[in-house]
Amino acid sequence: MPLDERHAGDAAALLRVRGLARHFPIRNALGLRRGSVKALDDVSFDVRPGETLGVVGESGCGKSTLGKTLAGIHRPTAGSVLFEDAEIAPLQGAARRVVARRLQYVHQDPGASLDPRWTIRRSLHEPLIVHSGLSEAEREQRVRGILREVGLPPDRLDSYPHELSGGQQRRVGLARILTLQPRLVVLDEPTSGLDVSVQATVLKLFRSLQRQFNLTYIFISHDLAVVRMMCDRVAVMYLGRIVELGPTDAIFKDPRHPYTRSLLAAIPRIGGPRVTDGFVLEGEPPSPGKLPSGCRFRTRCPNAAPQCAEADPPGRTVAEGRVAACHFA
Amino acid sequence: MAAADILAVRDLAVAFASDAGLAQVLDRVNLTIRRGEVMGLVGESGCGKSTLARAVLGVLPENAARIGGGRVMFDGEDLLRIGPEEMSDRVRGRRITFIPQDPYGSFNPLFSVGDQVMEIMRWKSKRRPEGERGYPRARRAADRAEAIELLRQVQIPEPEAALSKLPHEFSGGQRQRLMIAMALLPQPDLIIADEPTTALDVTIQAQILRLLRKLVKGRGISVLFTTHDMGTAHEICDRITVLYAGQEMETAPVDAFFVRPAHQYTARLLDSLPNPDREIREIGGEIPRLIDPPQGCRFHPRCAAATDICRSQRPDERAVAAGHVVRCHHPHEGARHAA
Amino acid sequence: MKALVFIVSRLYRDRSAFLGALIILALVVVALAAPLLVSHPDAAWAMNPQVRLRPPGGEFLFGTDRMGGDIYARVIYGARITLTIAVVAVGVSLLIGVPVGLVAGFYGHWLGEVLMRVSDIFLAVPQIVLAIAIALTLGPSIENVILALSLTYWPWFTRLVYAETQSLKNEVFIEAAMALGVPPWRIIVTHILPNVASPIIVRTSIGMGFTILTAAALGFLGLGAPPPAPEWGRMISESREHLPDAWWYALAPGLAIFLVVMGFNLLGDGLRDILDPRIRRAQHGRG
C-alpha cells in the first residue's frame, strides 16, 4: 500500500517515489533461490526542491538500500521514481546517465571515493568527461571554480589523495559531485564514525554547500540528533518500510508511530536524567528475511493488538503533512 | 591512593614508536576510579583513551609501546611493577576483566559459547584454589551453574541451550550480552569496557547500557568505560574524565560535566554536539600530531582563552567543586545551557 | 614515470631481486647480440662430425655436442628461442587472461560464471600434461610449443585478475564511479586495470620463468623445436646418451635454464614486495 496514496503528493516535487521495492534473493549452498529479503518494500515519498529530507532507522531498516536504489547502484525490483518529472526507475546505463546526472550520491566517506592512484585533477575531470562535451580548458575552469567554492587552493590539483588530510579529501570528494551541478544529492550516513568536533565541521560544510549550490538533500543517518539538526522533514524506516513521515519538529515533539516513539526515547538527553532509567524498547528487530504477519513492528510494539497480526497498516495522513503506518496512530 | 579508590593512575606517560618518530600518546595522565563507580573515559579518536585502558590491562603492544614513567595503582599495588606472568595469572581476567568493542571478533567461531565460557571458568573462577591443575567435576558443575545463572541475568533466552550454540547463532546485541556475562563471571573488582556499544543500534545500545549499569551497580564492581559518544557516557557514567591529545583535561561528576564544564576544551566539545537550536559550532583547528605535540596544555593552539602560560606549562590539577578537577589555567565559568 | 623510478630504486635496494633483474637483462642482451658473441653466424647449426664430443677448452668454450656443434654458440642462440617462446606465450596469455578476468570479475553474472568455469577446466589439468597433449597433437615446432603454452597459461592470469577485480569492485571509489555514471568499460580500463597492474606484473615475471621451464621440459621430451634448432631442453635430452663421459654436454644448457628461471623468480618475488600496496602505504607513513 503506497504511503501517501490519498494525497496526490506535491505538484512541485523534485523527486517522487511510489511503491519502490528492492528485494535481494537468499540463496542456499547450491546457489538456488530460497526466498528473498525485502530490503525495501513499497516505499513512497516526495522530495521538495531545496529541502533536506532525513531518512532514519536502525541497521537493516533499508535506508541504505533506499539511497543506493535512488542512486542507480541497485536496480529497483518494482515501483516508480520520477526525478524532475522523468521516470528513472527502469533506466540503466547510458539512458540513466543522461536523465539522472543531476541526482547524485555521496558515500559515507566522500574522501574514499577518490581513486588512490589518480591525481585530484584527474578525479575532478572524470565526471565532466563522462557527462559533458566540454573542452579540456572549459573543464579545468569549472573544476577550479568548484574547488575554490569548497575551500581548497588550486595547487592541490596535482596532489594524490594520500597527500591530503582527511578533511581535504572529503571536500574533494564533494567537489567531484558538484562539478555536475546536481539538484538532488543523496548523503548516505555522512557522519557515521566521525568524532563530534569533525562532525560539526562536516555538517557545516554540507549546510554551506546547500546554500551555495541550491541543493536538495536526502540525508540518510542513524543519528537522530544529527537528523534533527539538519533536516526539514524526516522519514522513519523499519524493516524496509517508511513507518512515519513528517516535518522534523512535529515528529520530534509528537511522534505518532510507536516505533518512532521508542527510537526517540532511546536518545540520551544530555544534562537531563538518564533515559535508560525509564522506558527502553525490548527485543531486537526480526530478520528482514522472515517478516511477521500484519504489521512488521508488532513483535516489539508495546501497544500491539490482535488486529496488528492480521492487517498490515497502510500509511495514512494523521495530520497536516504527516503520515504514519499504524492502526492506532 | 585513598582506600576508597580501586584504581589510581598517576603521571602515566606512554609513547609509541613509529616510522616517523616517537608519538607521545599519553602525557603524565592522572585518573582515579572509586570503588563501585562507573568512570567514563571520553575523548576523540587518537586522544589516548584506548591506550590508557590497555595500559591498565597490561596489554600494550610490547614492541611499539614505551612506558615513560608513572604508576598504575590497583588496589594498593603498582601494576607496572609486577611481572607479565603474575599480571595474567593473578590480575587480568580475574580481578580486572575486559569487554571489547567488537563482539563479533571476540569469540572463536569454531567453539560453542559454553566451551568458551567454561574455559574462562576453569582458570579464572573464584572457586579455583591457587595453583590447581585439573578441573574437578564438582567445581565444574558449580561453575557451570553459575554461568547459566549469569546468562539469565544478562537476559539470554534459554541460557542452558545457549551454552551449546555457536557464536554466529547470536545477534550482535546478544553477543555483547554474552561478553558482559563473561566479564562478570570471575567476579572482578574492575571491568574495562572499550567502546562496547559503538557497533550497536540506538535501541539495542540503550538496552545494553541499562543492563550493564544495573549488573555492576548490584555487585559493587567498578568500571572504566571508554567512549567517544557523549550520549553513551551520559547514560552510564557516574564520573567522567576527558582526554585530549594524550592529556587528561577534566574530571567531573556526570551532571557537572555536562552542565558546568570547567575546561575550555570540554565546553567547546559539548558545544559542537548537535543541538535543537540547529546552530553548528565548530571547535576550529585540528587535533595535533603526537610526534611533536604542542608544549604546555596541548589544547592551547585551538583555545580562544590561551595565554603565554598555556603555551609553556601544563596546568596543575585544580579542584573547582567536590570531585570536580580541572587542568586549565583559565577555567570556564558558569553553566552552559543544557542541550 | 614516478612509479618506474620508485620501482628501480627499490629494486636496487633489494639484493636478490636486483640479481634477478641483472640475470634477465643479461639474457636479453645475449639474445639480441647473439651474432656478435659467436665467431661465425652458423656455428650454432653447423655440423662438424670430426670435432664431436670435445670437452670444454680452447676453441670450444663449453665443448661440442654429438654432431660437433659448438655448445657455447648453441646456448647463446638458444637464448633467442627461449626468450621468444616465453615472451610470446606469456604475452598471448596476458592478452587472453587479463580481459577475461576483468570482464568475469566485474560483471560476475552468468557470463562471468561461464568464463571462470572454462578457466577452471584448464586449471584442473596440470599444465605440463595439457601442453604435452597439445604439442603431441599438433606436432613438434616452436609455434606449436608457443600455442600449447599460451593455451595452458592464460587461466592463471584470469584467476588472478578475477579475484583482484572482485575485491576492487567493492572499493568505495569504484562504487562511487558507478554512482557518478561512469560507463562500465571506462571504469574497467581507467580504474580497475591500473589497480590490478601490480599483481599482473608480478605474475608475468614468475610466469616467464615457469613458461621457460615448461618449454624446456617439452624440448626434453622431443616436442619442442625440431633439430637442429639449438633448444636448451632438447640439448639436455640429447646429452643423456653420452653421460657420464660427456659431462659438459648438459652443463651449459642446464645452467642457462637454471639461471634464467631463477632470475625471473627472484625478480617476481622482489616485485611482489615492492608493489605490495600495504608495504607501499607504510612507505608513505600511513600504515
Side-chain angles (χ1 to χ4, degrees), chain A residues 56-61 165-167 191 193-208 221-232 248-249 252-253 259 262-287 300, chain B residues 42-47 155 171-174 198-214 228-237 254-255 257-259 265 268-287 302 335-339:
Chain A
V56 298
E58 301 180 276
S59 25
C61 73
S165 73
T191 62
L194 297 181
D195 284 316
V196 283
S197 70
V198 180
Q199 174 174 294
T201 309
V202 170
L203 293 179
K204 204 160 194 170
L205 178 64
F206 285 141
R207 214 181 253 181
S208 73
S221 177
H222 68 280
D223 189 331
L224 289 141
V226 170
V227 164
R228 181 179 199 178
M229 184 157 78
M230 295 295 288
C231 302
D232 304 305
T248 309
D249 290 336
F252 275 78
K253 237 175 251 141
Y259 177 64
S262 334
L263 205 56
L264 293 177
I267 319 178
R269 282 188 227 347
I270 281 169
R274 292 192 168 89
V275 301
T276 47
D277 287 348
F279 167 77
V280 166
L281 182 61
E282 293 299 339
E284 297 188 13
S287 147
R300 296 173 82 192
Chain B
V42 304
E44 303 176 83
S45 337
C47 72
Q155 294 155 21
S171 71
Q174 283 179 325
T198 302
L200 303 176
D201 278 319
V202 52
T203 57
I204 310 294
Q205 171 176 309
Q207 295 169 4
I208 299 286
L209 290 177
R210 180 160 79 162
L211 177 76
L212 180 61
R213 190 169 163 86
K214 190 181 102 194
H228 70 277
D229 181 47
M230 297 299 148
T232 303
H234 172 264
E235 286 301 309
I236 192 154
C237 300
V254 64
D255 293 334
F257 183 88
F258 288 107
V259 179
Y265 171 64
R268 303 292 297 279
L269 185 69
L270 296 176
D271 282 346
S272 70
L273 288 173
N275 53 64
D277 70 10
R278 302 194 158 201
E279 185 78 30
I280 303 173
R281 302 178 191 86
E282 298 172 82
I283 296 186
E286 287 186 12
I287 293 169
R302 303 173 77 182
R336 50 186 299 279
H337 54 264

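Keep in mind that what you see is a predicted model, and the values were worked out from it rather than measured. The basis for the numbers below is simple: all heavy atoms, side chains too, and nothing from hydrogens, waters or symmetry mates.
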Least distance between heavy atoms, [X] atom then [Y] atom:
{"X": "B/D201", "Y": "A/E58", "value": "CB-OE2, 3.1 Å"}
{"X": "A/P285", "Y": "B/I204", "value": "CD-CD1, 4.5 Å"}
{"X": "B/R278", "Y": "A/R228", "value": "NH2-O, 3.1 Å"}
{"X": "B/H228", "Y": "A/D195", "value": "CB-OD1, 3.9 Å"}
{"X": "B/G173", "Y": "A/E284", "value": "CA-OE2, 3.6 Å"}
{"X": "A/I270", "Y": "B/M230", "value": "CD1-CB, 3.8 Å"}

Separation of [Y] [atom2] from [X] [atom1] (nearest 0.5 Å):
{"X": "B/R281", "Y": "A/L203", "atom1": "CZ", "atom2": "CG", "answer": "13.0 Å"}
{"X": "B/E44", "Y": "A/L194", "atom1": "CD", "atom2": "CG", "answer": "10.5 Å"}
{"X": "B/I280", "Y": "A/M230", "atom1": "CD1", "atom2": "CE", "answer": "5.0 Å"}
{"X": "B/R213", "Y": "A/R274", "atom1": "CZ", "atom2": "CZ", "answer": "3.5 Å"}
{"X": "A/R269", "Y": "B/E235", "atom1": "CZ", "atom2": "CD", "answer": "9.0 Å"}

Under a 4.5 Å cutoff for heavy-atom pairs, which residue among A/G193, A/P273, A/S197 has the most contacts with chain B?
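Going by pairs under 4.5 Å, I would pick A/S197.
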Steps toward side chain to side chain contact (heavy atoms under 4.5 Å, CB included) verdict (B/V202, A/H222):
CA-CA 8 Å; B/V202 52; A/H222 68 280; over 6 Å; no
Is atom CD of B/E286 surrounded by more than 12 heavy atoms (other residues, nucleotides or ligands) closer than 6.0 Å?
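No, because the 6.0 Å sphere around CD of B/E286 holds 12 heavy atoms or fewer from other groups.
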Pick one of side chain, backbone, both or neither for B/Q174, based on which atoms fall under 4.5 Å of a heavy atom in chain A.
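Interface part for B/Q174: both.
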B/I236 portion near chain A, given a 4.5 angstrom heavy-atom threshold:
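Backbone only.
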Salt bridge or not for B/E282 and A/R207, using N-O below 4.0 Å?
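Here B/E282 does not pair with A/R207 in a salt bridge, since their nearest N and O are not under 4.0 Å apart.
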Sequence neighbours excluded, which residues qualify as side chain to side chain contact (heavy atoms under 4.5 Å, CB included) partners of B/D255?
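B/D255 satisfies side chain to side chain contact (heavy atoms under 4.5 Å, CB included) with no residue once adjacent residues are dropped.
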Proximity breakdown for [X] and chain B, heavy-atom pairs closer than 4.5 Å:
{"X": "A/C61", "value": "neither"}
{"X": "A/T191", "value": "neither"}
{"X": "A/D223", "value": "neither"}

Listed by chain and number, what are the side-chain hydrogen bond (donor to acceptor under 3.5 Å, both in side chains) partners of A/S221, not counting sequence neighbours?
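Testing A/S221 for side-chain hydrogen bond (donor to acceptor under 3.5 Å, both in side chains), a comparison that skips the adjacent residues, returns none.
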